[in-house]
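The structure under discussion appears below in the form of structure tokens.
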Amino acid sequence: MEQKQHILKQSTFSSSPSSYSSISDRPISLLSRNGLLLLLLALVLLLGVLLPWPGSPLFLFPNRLSSSLSPSPQSKWRDYTLAQAARFVAKNGTVIVCAVSSPFLPFLNNWLISVSRQKHQDKVLVIAEDYITLYKVNEKWPGHAVLIPPALDSKTAFSFGSQGFFNFTARRPQHLLQILELGYNVMYNDVDMVWLQDPFLYLEGSHDAYFTDDMPQIKPLNHSHDLPHPDRNGETYICSCMIYLRPTNGAKLLMKKWSEELQSQAWSESIRFKANDQPAFNLALNKTAHQVDLYLLSQVAFPTGGLYFKNEAWVQETKGKHVIVHNNYIIGYDRKMKRFQDYGLWLVDDHALESPLGKLE
């Protein structure tokens, strides 16, 4: 009897709280059941921090996660390169380029409507000259704007003849050369233009460079497509605002020479109305004419503003033959806009939704 009581006491003692305490003091092996449970719990907690589920605290403050793990949209476009942008927009090996600062966004939109009507908008790459333009275009139309540093001051680039305007236009040949070096055909347009027909149908042959005459004197419909002879002052008047280039050695040579001429041309108040990229372009054309296959586009298809807006009789006689109209031979943002409005070529007010950018606020 005493032996049975002794065994019962031992059994009762082994089930006491002190026995649990002795077990808890032992190290837990990761391979044991308790170790695996703790490891699983830690893994769940870690995933809850990195990949929060709906209803978790981090979902109440999503910016905390995104700001630490992903770049902002603006930083994405700051790092966007010309090579990436050209590859994104190029169709059939061709890129359509314009260079724009933020004050001219309405003109960009107007031009884009006309390009869209000819089904070529997907090829367009906007070279933004300031960050406002870069962000606005890519917000509305992702991937179609790139900024090639340094960014320019939009206000100083706004005024024709200013040093800022000269700096703005002087970058053009380098932009075009870079695209040619990437292996693409490139068409450059100023955004004070409107397309009435498809210009690619008029790029006859396989020449290195295509351009337009900036003289308002009427040429015969079958005029020569050679570079015009210089006048008695040794100057030609080719427009640098509508150019088409193939990625040939000749076209690259022309862009390099144009850039050299611009670098040697210092801006000053005394020549401020000549201080833009066009005189240098004409010098480059004449100095490389024997090395580059050049093609002067049809005047009736690509009329200068000095002809289209100032010779109503000629416009009526050649009606239906105009392809791109250039709103030059006039200075001033508001005056350009009003002239487009007067001739039914300001499309933004009634047709903004035809532009990839839609309505700009």
Side-chain angles (χ1 to χ4, degrees), residues 89-98 100 106-126 144 184-207 209-216 218-225 238-246 294-330 336-337 339-357:
V89 305
K91 302 290 182 296
N92 300 319
T94 299
V95 178
I96 302 170
V97 172
C98 61
V100 183
F107 278 87
L108 168 64
N109 220 16
N110 195 69
W111 174 75
L112 277 174
I113 293 169
S114 71
V115 174
S116 298
R117 290 179 175 182
Q118 304 303 324
K119 311 300 182 187
H120 287 291
Q121 72 278 8
D122 289 342
K123 299 185 185 75
V124 170
L125 176 60
V126 178
H144 282 267
Y184 299 105
N185 305 309
V186 57
M187 176 181 285
Y188 175 83
N189 274 194
D190 274 359
V191 292
D192 60 344
M193 293 183 168
V194 169
W195 290 20
L196 302 179
Q197 297 184 51
D198 185 346
F200 288 94
L201 301 178
Y202 293 79
L203 304 175
E204 299 178 4
S206 55
H207 307 281
Y210 300 71
F211 43 82
T212 62
D213 198 333
D214 206 23
M215 293 296 287
I218 297 174
K219 294 177 178 289
L221 294 179
N222 61 345
H223 67 75
S224 169
H225 297 290
I238 299 302
C239 188
S240 60
C241 305
M242 157 62 201
I243 306 170
Y244 180 76
L245 304 164
R246 301 188 192 278
L294 303 173
Y295 187 89
L296 178 67
L297 289 162
S298 163
Q299 182 191 52
V300 69
F302 300 88
T304 181
L307 179 57
Y308 185 87
F309 294 107
K310 296 188 177 183
N311 193 326
E312 185 177 348
W314 179 86
V315 171
Q316 289 302 317
E317 290 171 7
T318 57
K319 189 174 181 178
K321 297 179 180 179
H322 313 129
V323 178
I324 293 182
V325 174
H326 188 195
N327 194 359
N328 63 344
Y329 274 76
I330 191 170
K336 280 180 180 282
M337 183 185 294
R339 186 157 77 172
F340 265 160
Q341 291 169 337
D342 291 343
Y343 283 79
L345 297 175
W346 187 250
L347 311 173
V348 172
D349 293 339
D350 298 325
H351 306 283
L353 296 181
E354 293 184 43
S355 166
L357 300 180

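Numbers for residues simply follow the sequence, beginning at 1.
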For the CG atom of Leu112 and the SG atom of Cys98, what is their distance to the nearest 0.5 Å? 6.5 Å
Only counting residues at least two apart or in another chain, list the ones meeting salt bridge (Lys or Arg N to Asp or Glu O under 4.0 Å) with Lys310. none
How close do His207 and Leu294 get, heavy atom to heavy atom, and via which atoms? ND1-O, 4.4 Å
Kindly indicate whether the side chain of Ile238, heavy atoms from C-beta on, has any atom under 4.5 Å from the side chain of Leu296. yes
His351 and Arg117: which non-hydrogen atoms are nearest, and at how many Å? CG-NH2, 3.4 Å
I need the single residue from Asp192, Asp190, Asp342 that forms a salt bridge (Lys or Arg N to Asp or Glu O under 4.0 Å) with Lys336. Which is it? Asp192
Would you say that more than 12 heavy atoms from the other residues, nucleotides or ligands in this model lie under 6.0 Å from the CD of Glu312, or not? no
Minimum heavy-atom separation for Pro303 and Ile324, please, with both atom names. CD-O, 3.3 Å
Interatomic distance, Asp198 atom CG to Lys119 atom NZ [nearest 0.5 angstrom]: 11.5 Å
In chain order, what residues pass the ring pair (Phe, Tyr, Trp, His ring centres under 6.0 Å) check against Tyr202, with sequence neighbours excluded? none
Pair Leu347, Asn109 - check side chain to side chain contact (heavy atoms under 4.5 Å, CB included), show working. CA-CA 9 Å; Leu347 311 173; Asn109 220 16; over 6 Å; no
Determine whether a donor-acceptor pair (N or O, by modelled atom type, separation under 3.5 Å) exists between the side chain of His144 and the backbone of Val126. no
Thr212 and His326, any side-chain heavy atoms less than 4.5 Å apart: no
Less than 4.5 Å apart, side chain to side chain, heavy atoms only: is that true for Thr94 and Tyr244? yes
Checking Val348, Ile113, Val115 against Ser355 for side chain to side chain contact (heavy atoms under 4.5 Å, CB included), the one that qualifies is Ile113
Ring geometry between Phe340 and Phe107 (parallel below 30°, tilted from 30 to 60°, perpendicular above 60°): tilted
Rounded to the nearest 0.5 Å, what separates atom CD in Gln197 from atom NE2 in His322? 9.5 Å
Testing the 3.5 Å rule here: is there a donor-acceptor pair between the side chains of Thr304 and Asp213? no
Can you tell me how far apart CG (Leu345) and CG (Leu196) are? Round to the nearest 0.5 Å. 6.5 Å
On a heavy-atom basis, which atom in Trp314 and which in Val300 lie closest, and how many Å separate them? CZ2-CA, 3.8 Å
Taking atom CG of Asn92 as the centre, report whether more than 12 heavy atoms of other residues, nucleotides or ligands fall under 6.0 Å from it. no
Taking the side chain as everything from C-beta on, heavy atoms only, tell me whether Asn189 gets closer than 4.5 Å to Met242. yes
Nearest 0.5 angstrom please: Leu245 CG to Phe211 CZ, how far? 10.0 Å
At their closest point, which heavy atom of Gln299 faces which heavy atom of His223, and how far apart are they? N-NE2, 3.0 Å
Over 60° means perpendicular and under 30° means parallel, so classify the ring planes of Phe200 and Trp195, tilted if in between. perpendicular
Roughly how far, to the nearest 0.5 Å, is CZ of Phe309 from CZ of Arg339? 5.0 Å
Just so I know, are the side chains of Tyr329 and Asp214 near enough to count as touching, which here means a heavy-atom distance under 4.5 Å? yes
Closest approach of Val315 and Leu307, non-hydrogen atoms and distance? CG2-O, 4.5 Å
